[in-house]
J.: 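I'd like to ask some things about the structure below.
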Amino acid sequence: MSDSPVSVAIDGDLAIVTVDNPPVNALAHAVREGLSEAVKTVEAADVGAAVLVCAGRTFIAGADIREFDMAPKAPHLTEVVGQIEMCSKPWIAAIHGTALGGGLETALGCHYRVAAATAKMGLPEVHLGILPGAGGTQRLPRIVGAAAAVEMITTGVPVSAARAKEMGLVAKVVEGDLTEGAKEFARSVIGVTPPRIDRAPAAPAPSDAEWAAMRAKVEKAAKGQISPLGCFDSIRNAFRLDLDAGLEAEREGFMVLKDSDQSKALRHAFFAERAVAKPKVIAGAKPREIARVAVVGGGLMGSGIATSLLQAGLEVTMIEMSADAAEAGRARVETNLDSAVKRGRLSAEGKAKLMAALTPAADYGAAAGADLAVEAVFEDMEVKRKVFGALDEAMGAEAILATNTSYLNPNEIAAGLRNPARVVGMHFFSPAHVMRLVEVVQAAETSPEVLATAFALAKKMRKVAALSGVCDGFIGNRMLSAYRRVCDYMMEDMRAIEPIDQAIRDFGMPMGPFQLMDLAGLQIGWANRKRLAPTRDPKVRYVTVADRLCEAGRFGQKTGAGWYRYEKGARTPLSDPFTQDAIEKAAEEAGREKRDFDAETIRRRAMAVLINEGAQILDEGIAARPLDIDMVKIFGYGFPRWRGGPMMHADITGVDKVLADMEAVAADDPGSWTVSPLLRKVAKSGEGFAKLNG
Ligand code: 3HC
C-alpha cells in the first residue's frame, strides 16, 4: 500500500482522486507530488472523468504554510494546477468545508467545481502577507470578473457556496451527498472537451478610472500592509497579459512577498493565534462543561460580557444591586444585540432566542445553579471581595469564580474563600462583545482544570485567550503603562502631543497614545496613579500633565476635552491651548530642557520600551512565551498584525538595535528605567525572541 496522501480509485467510468492529509489537507510536498502522479494515472486509465475529493473535515485549505521557510521543492503548485488543467479528461473538484488559497487554486485548475451547500471558498493569502501564487490572481478574474476578484483576493474573505454559484465559480451546489452529487455531475460531462480558462488577457477590462478607484480603496483599507496592493497589481496583470505571462509575473510577486518581513510577521501571527490557546499548564487538563454563567454587574463591561456569552449559546443570569439596575443591564444587552441585527449578523428570531436565555436578577441566590460566575463590578478590592464572598456562599463548591479585574490582585480577591483553586482572572477588553482578547489570569492557587475551562469558554465565545500571571496590569496594561510613560516623557520634552500620536499612527496603530487615552477616558488611569502614589519610587521621573487635565475635569472625549478638545458630539481631536499650557507648565516646573524627536525616533523609543517591558514580563514568568505577549497586543491593543506583535517586531528589527534604543531611553532619565536583563541576553544571543516560543 502506498503511503501517499493522494490515492486514485477507479469507479466504473470515473477516477476518484482523494486527498487525505489531516488536519486540513494542506498542499505539502507529498500532496503536490501525489496530485501530479494522479494526473498521469487518470490519463492512462480507462475512465471518462476525474472527481477530486478530500477526506476529513475540509477540502484543501491551502499551501502548507510551514513549508514557506524551507527551500521550495518541485513540483510547485503552479505546475500541478497546470497539469490538471491540461488533462485530456475533465476534472471535477468536489468541495466541502473550506477551499482556501492553494486549495481553491487547485480547484480552479479543475474544469468544473461542485460544492456542498455549506462549503466556503476563498483566497486568504493576503492575510499571510502574500498573494495567491498558483494562478489565483490570473484564473479567478477570468471567471468572475475584475471587481469580484479584487474584492475576494484583496480582502481575503471567503464566499459561500450559494454566492460562488452566482459568481459562476461553481457549476453546481449539491444538497445531499457531495461525492455522489459530484459523480453524477462528472458522468454528465464525460466526452465533453474539458473547458479550459482562456489564455488571452482577461476581458472586459475596467477603465483606468475604475482601476484607480479600486486601487485607492484597497490602499486605504490596507493601512500600511503591502500584500493587498501586491494582490491588486497581480489581478490587474490578468487584464494586460496572457495567462502564461500573467502566471509568471504572479509567481515573481509571490516570491517577493513571501520573503518580506510583513509576511514573516503575519505567518507568525497565524501560528501564534493557534498556539496561544494551548499554554503548557493546561496540557492534559480537562475543561469542565459550562452551560450557565452568572455575570455580576450590568454596566458597560458586564453587559458586553453577557452579550458575548449569550452569542456563544450560554444561559446567562445577570446580577445587579437592584431590580432597576438589573433591568438597565438587560436593556444594554438588548442594545448590543440590536446592533448585531442591524448589521445583519443576527436575525430578529435569533435575538429573541438569546434574550430569552438572559435572566436579570437582584440577588446572589440567582447564581446558585450557574457553573461559572464572572464579576465585572467596580474596580475596588473591598467591593470585589464582598462579591466573591457572596458568590462563594451562593454557588456550588465546584463552580468557577472569575474576576474581570484589570489591575487588582486576584490572590487577594480569592483570599479566605472556601476553595481558592476555583478562582481565575478573565480580563475582558471593552467593548467586551467586540474585542477578541481575554487575558486568563492564573492566580497562586488556580487549578489547571479551572484554567482549561476558562480557555475553553473563551474559545466558545470566539475570543483569543492568553495566559497571564499576576502583576499590576497583567500583560497588556502593564506594557501599556510603560509605553505611555515613555510617550509622556517625549511629550514633556517636546512640549507636544500631536507628533507623537502621528508617529504612532504611521507605525500602524489605530490611534496614538494621547488620542487613545481620550477615547478610553482618563479617570481610571488617574485613580490608578493615586492608588500607586504612596509606593511611587521618587527616583522615577513623573510627568504631571495628565493629573493637571483630570484636576480640570478633562476626562477625555466623553467630557468634550482631555488631551484634545472635541466639538459637541464629534470624535475628531482638535488641539487645545489648555493642554499646551499644562505641558509647558509641567515641563518648566520639572526643569526639562526642550528637545525634539523625529517620527522615527519617537517610534523606536516607544517600541523599545514596549519590548523591554515585554522582556521583563517574560523574565518574571508573567507571560510564558513571547507569542503570548504578541497576541495580547494584537488582539487587545490594535498592534498591527502585519508587524507580528512587539516581540516579533523586535526580532524583525534586530534585538540588538532595540537594546541600543532602550539604553538611550534609560540614559536620558537615570533611575526611571530598568533595561531588562533578558533583553540584553536575547540581543547577545542573536537568536531572537522567537527561539523562546518553544
Ligand atoms: N498550512 C499548515 N498548517 C495549517 C494550515 C496550512 N495552510 N492551515 C491550518 N493549519 C494547521 C493549523 O496550524 C492547526 O494546527 P495545530 O492543530 O497544530 O494548531 C491545524 O491545521 C488546524 O487548523 P485550525 O485550528 O485553524 O482549524 P479550524 O478548523 O479552526 O480552521 C481553516 C481550518 C479554516 C482551514 C484554518 O486553519 C485556516 O484558515 N487555515 C489557513 C488557510 C490559508 O491561509 N490558506 C492559504 C495558505 S497560503 C497558499 O495557499 C499559497 C498559495 O497561493 C500558493
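We count ligands from 1, going down the list as the structure has it; atoms in each ligand are counted the same way. Counting from 1, the numbers follow the sequence of the chain as shown. Please read these numbers as outputs of a predicted model, since none were measured by experiment.
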J.: At the 4.0 Å heavy-atom cut-off, does Val24 count as touching ligand 1?
T.: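 A heavy atom of Val24 does come that close to ligand 1.
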J.: Please state which option from Asn25, Leu77, Leu100 has its nearest heavy atom closest to atom 34 (C) of ligand 1.
T.: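 Closest candidate by heavy-atom distance is Leu100.
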J.: Scan the protein's non-hydrogen atoms and note whether one is under 4.0 Å from atom 30 (O) of ligand 1.
T.: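 False for atom 30 (O) of ligand 1.
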J.: Does ligand 1 have any atom sitting under 4.0 Å from a heavy atom of Lys278?
T.: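 The answer is yes: ligand 1 sits under 4.0 Å from a heavy atom of Lys278.
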J.: Look at ligand 1 and say whether Gly136 reaches it with a heavy atom at a distance under 4.0 Å.
T.: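 Judged by the 4.0 Å heavy-atom criterion, Gly136 does not count as contacting ligand 1.
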J.: Locate the shortest heavy-atom distance separating Arg436 from Glu273; write the atom from each residue and the value.
T.: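 In terms of heavy atoms, the two residues are closest at NH2-OE2, 4.2 Å.
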J.: Using a distance threshold of 4.0 Å (strictly less than), state whether atom 15 (O) of ligand 1 has a protein heavy-atom neighbour.
T.: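 No, there is no protein heavy atom closer to it than 4.0 Å.
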J.: Between Arg57 and ligand 1, which residue portion shows a heavy-atom distance shorter than 4.0 Å: side chain, backbone, both, or neither?
T.: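 Side chain only; the backbone of Arg57 stays clear of ligand 1.
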J.: Would Phe271 count as a polar contact of ligand 1, with the cut-off being nitrogen or oxygen pairs under 3.5 Å?
T.: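 Not met; the criterion fails.
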J.: Validate the cation-pi geometry between Arg274 and Phe270: distance from NZ or CZ to the six-membered ring centre under 6.0 Å, angle to the ring axis within 45°.
T.: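 Arg274 over Phe270 ring: yes.
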J.: Which of the listed options, Ala61, Gly101, Gly62, holds the heavy atom that is closest to atom 43 (C) of ligand 1?
T.: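 Ranked by closest heavy atom to atom 43 (C) of ligand 1, first place is Ala61.
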J.: Heavy-atom contacts under 4.0 Å between Ala63 and ligand 1: side chain, backbone, both, or neither?
T.: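 Ala63 to ligand 1: contacts from backbone and side chain alike.
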